[in-house]
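Single-structure report; data block below.
None of the values given here were measured: they were computed from a predicted structure.
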Amino acid sequence: RSDSTRVTARRLDPESRRRVARANARRVGARRTMHGASLDGDETAPLVRAKDKFSRPTAGVLCASLASLAAILALLRAYDVASLLRGGDVMRVAFSVDVGCVPLHVMNESPIEDFFEHDITGVTLQLKGAAPREFGGVRHSARFGHKLARSGFSTVFSGEVTVPRRAEYGFALHNANEQTIFELGRNPRFPHKGNLMNDTCTTEVRAGGGVYRNRVIPQNVGETMTKRPDGVYEISTTYAGCRKVCPLTVKLIATVSPAGGDADNVFGIEESKAATDAWRPYKGHFTQVSAGEFNTWGLNSNNGALAWTRNADLNPFDRANWQSATNDARYGSNPADGPVVDFDAGYTTVYGVTATIDAAGGRVWMRPVDGSGDWQTAGDWTTSRLVQVTSGRSFLWGTNGRDTLYKCPDPCGPTSVWQSGGKTDIKQIEVGDADAFAVHNDGLQLFASREDGVGDWSTIPLPTGFTSTINQVCVGATALWMLDATGKLWTCSLPCAGGSDFSLVSTAPAGIISIDAGKVPHENN
């Protein structure tokens, strides 16, 4: 309130001043209580271009002079507070919105032209005001909302909010440049295009003499809304889209030199963008990395440290996403074999081999890929020996110290039996969802077969003018990725015919020492 609306304490005796102070305190407390009841409301930035923003000092003076009255009126108008206070008209909803797959047309039609050039930092749930109020837009009518919290370091934001039944709602997106856009409401940059929101999952609403298409709380539990045992409803969606969550994608993960020290050296990118976009740096230091369907594992062979993280939590800000895992493999009461020296993360299992103990290699081990449990033997403890492992859709493969291939049905447990892989003089084997690729000892020959080992091996011609040798290969959902001895990365679309089908990946980070492609998501097939 302005000073003119407050009870003045000037020229009063001390006792009167104390009574006036208490009265004013009660008024302030009441205003704060009213604000606190408003869905934990937080004011969000209006939808304007950077050049149109008010200066903060000017806005601060204006807001200070009208704060209480504006807050009360805005809450009553925007959220229909009366309905919120009627218990039967409200419901508790756990909202979850994934911002990791914003449609390309939304990026192109953003009300702020370069909005998506900056990292997404927050999401706010917005409720539609009383008709004909809007979600942001040029009238900035929906200015209060509930800020959702990021889940770990992922692209998912969530939070529980009490909302009116059949409420109309949408989401505001915030970026690192302190800008905000709304998926619903008018778009001053493209006023004739309508909402950014996909209309196929909105509801037609008639209000204020007009027809709108908004997100609306469903009347009943179903595909778009579920109910937990504790009575809280759940709604999961994607920003400006209709999916419940963003589809899983195959991620390429790599480490770069130097292998020593502790400097961050992890890079990653979605496979579909790996040949065209700059790779994203992540926190963490490892000499070898492997990506599964949901989790990524890293090994620092300098000290044997092993750690894992959810793929969604890989980030350039904080190493707290990495969870340490035990790495001292032991069978029963026998002496420990020590840390694994090579490993691969599969769909449900991480496989590894420990240091060489005889001419055939080291023992083979397995553990859950979700970080639980500890190492146990894969195959017979007394006879299973390999120096390198890789897991695909249905088989675990490996090479032994005699450069011979072997395979074992996945999961390959303590009583599983190894089978011949039908190839010798191989230094590395890599399998994907349907394909298997093997690198010859000389690093100048590449062979291909099926992931299940059925059929013959064929020779894949190397790139025209290839002057290096093959360090390692990995295979994703759509391409074979080949790292040469100089640290350069090559790619060849599946099924790889080789030769001129190979191309150099100019956007890859320099000095790659380890690379892996994540497993092809089963749910997408």
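Between the side chain of Thr255 and the main chain of Ile513, no donor-acceptor pair closer than 3.5 Å is present. With hydrogens and angles disregarded, a donor-acceptor distance shorter than 3.5 Å links the side chain of Asn315 to the backbone of Asp318. For the pair Ser416 (side chain) and Gly379 (backbone), a donor-acceptor distance under 3.5 Å is absent. Side-chain N or O atoms of Asn198 include none that pairs as donor or acceptor with a backbone N or O of Ala240 at under 3.5 Å. Under the 3.5 Å distance criterion, the side-chain polar atoms of Asn177 are left unmatched by any main-chain donor or acceptor of Gln179. Formation of a donor-acceptor pair under 3.5 Å by the Glu451 side chain with backbone atoms of Arg393 is found in this model. Under the 3.5 Å distance criterion, the side-chain polar atoms of Trp279 are matched with a main-chain donor or acceptor of Ala274. Here the side chain of Asp313 pairs no donor or acceptor atom with the backbone of Gly152 at under 3.5 angstrom. Not one N or O on the side chain of Asp380 forms a donor-acceptor pair closer than 3.5 Å with the backbone of Ser384. Under a 3.5 Å cut-off, the side chain of Ser154 and the backbone N or O of Val156 do form a donor-acceptor pair.
The shortest heavy-atom contact between Ser514 and Leu483 is N-CD2, 4.5 Å. Summarising the geometry of Gln388 relative to Val353, their closest heavy-atom pair is N-CG2, 4.1 Å, with the distance given to 0.1 Å. Between Asp264 and Arg319 the shortest heavy-atom distance is OD1-NH2, 2.7 Å. Shortest non-hydrogen contact noted between Cys412 and Leu396 is CB-CD2, 3.9 Å. Taking both residues in full, the closest heavy atoms of Gly241 and Met197 are given as O-CE, 3.4 Å, listed atom of the first, atom of the second, then distance. The shortest non-hydrogen separation linking Phe157 to Gly122 is CE2-CA, 3.7 Å.
Side chain to side chain, Gln445 and Asp442 meet the donor-acceptor criterion of an N or O pair below 3.5 Å. Side-chain N/O atoms of Ser394 and Asp452 include no donor and acceptor closer than 3.5 Å. Checking Asn302 against Asn300 by side-chain atom types alone, a donor-acceptor pair falls below 3.5 Å. Defined by atom type and a distance below 3.5 Å, a donor-acceptor pair is present between the side-chain atoms of Asn441 and Asp403. Inspection of the Ser301 and Thr287 side chains reveals an N or O donor paired with an N or O acceptor under 3.5 Å. Under 3.5 Å, the side chains of Thr326 and Arg367 contain a donor-acceptor pair of N or O atoms. The closest side-chain donor-acceptor pair between Tyr351 and Asp410 falls under 3.5 angstrom. When only modelled atom types and interatomic distance are considered, Asp98 and Thr155 share a side-chain donor-acceptor pair under 3.5 Å.
Here the side chains of His146 and Thr124 are not in contact, with every heavy-atom distance at 4.5 Å or above. At a threshold of 4.5 Å between non-hydrogen side-chain atoms, the residues Asp370 and Asn295 count as touching. Using a 4.5 Å heavy-atom cutoff, the side chains of Asn175 and Thr180 are not in contact. Considering only heavy atoms from C-beta on, Glu234 stays 4.5 Å or farther from Ser96 through its side chain. Using a 4.5 Å cut-off on side-chain heavy atoms (C-beta onward), Thr237 and Arg215 make contact. With a 4.5 Å cut-off on side-chain heavy atoms, Phe95 and Ser158 do not count as touching. By the 4.5 Å heavy-atom criterion applied to side chains, Asn195 and Thr202 are not counted as neighbours. In this structure, Leu480 and Thr491 have side chains that are not in contact, with every pair of non-hydrogen atoms separated by 4.5 Å or more.
Atom CZ of Arg243 has 12 or fewer heavy atoms from other residues, nucleotides or ligands within 6.0 Å. Within 6.0 Å of the NZ atom in Lys488, the count of heavy atoms belonging to other residues, nucleotides or ligands does not exceed 12. Other residues, nucleotides and ligands contribute over 12 non-hydrogen atoms within 6.0 Å of the CG atom of Asn108. At most 12 heavy atoms of other shown residues, nucleotides or ligands fall within 6.0 angstrom of atom OH in Tyr406.
The pair Arg330-Asp337 fails the salt-bridge criterion, with no side-chain N (NZ, NE, NH1 or NH2) lying under 4.0 Å from an Asp/Glu carboxylate O. Between Lys244 and Glu223 there is no salt bridge, since no side-chain N of the basic residue sits under 4.0 Å from a carboxylate O of the acidic one.
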* Asked: Does the pair Lys251 and Leu314 meet the rule for a side-chain contact (heavy atoms from CB on, under 4.5 Å), with working shown?
  -> CA-CA 11 Å; Lys251 182 182 290 292; Leu314 288 163; 3.7 Å; yes
* To do: Decide yes or no on side-chain contact (heavy atoms from CB on, under 4.5 Å) for Phe182 and Gln126, but give the supporting numbers first.
  => CA-CA 9 Å; Phe182 300 86; Gln126 301 281 163; 3.7 Å; yes
* Asked: Run the side-chain contact (heavy atoms from CB on, under 4.5 Å) check on Trp322 and Phe286 step by step: do they pass?
  -> CA-CA 11 Å; Trp322 289 101; Phe286 302 100; 3.5 Å; yes
* Asked: Does the side-chain contact (heavy atoms from CB on, under 4.5 Å) test come out yes or no for Ile470 and Asp484, once each step is laid out?
  -> CA-CA 4 Å; Ile470 304 172; Asp484 70 25; over 6 Å; no
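Here Leu184 contributes atom CG and Arg213 contributes atom CZ; the two are 11.0 Å apart, rounded to the nearest 0.5 Å. For the atom pair Arg280 CZ and Leu252 CG, the distance stands at 15.5 Å (nearest 0.5 Å). Separation of atoms NE2 (His174) and CG (Leu148) is listed at 8.5 Å; rounding is to 0.5 Å. The distance from atom CD of Glu430 to atom CE of Met482, rounded to the nearest 0.5 Å, is 13.5 Å. How far CH2 of Trp457 is from OG of Ser449: 5.0 Å, rounded to the nearest 0.5 Å. For the atom pair Leu446 CG and His440 NE2, the distance stands at 11.5 Å (nearest 0.5 Å).
Centroid-to-centroid, the aromatic rings of Trp397 and Phe437 stay 6.0 Å apart or farther. Aromatic pair Phe502/Phe466: ring centres not closer than 6.0 Å.
The one candidate from Val364, Leu306, Asp328, Thr354 that meets the side-chain contact (heavy atoms from CB on, under 4.5 Å) condition with Trp375 is Leu306.
Stacking of Lys423 on the aromatic ring of Phe447 is recorded, both the 6.0 Å distance cut-off and the 45° axial limit being met. Judged by a 6.0 Å distance limit and a 45° cone about the ring axis, Arg363 is positioned over the six-membered ring of Trp381.
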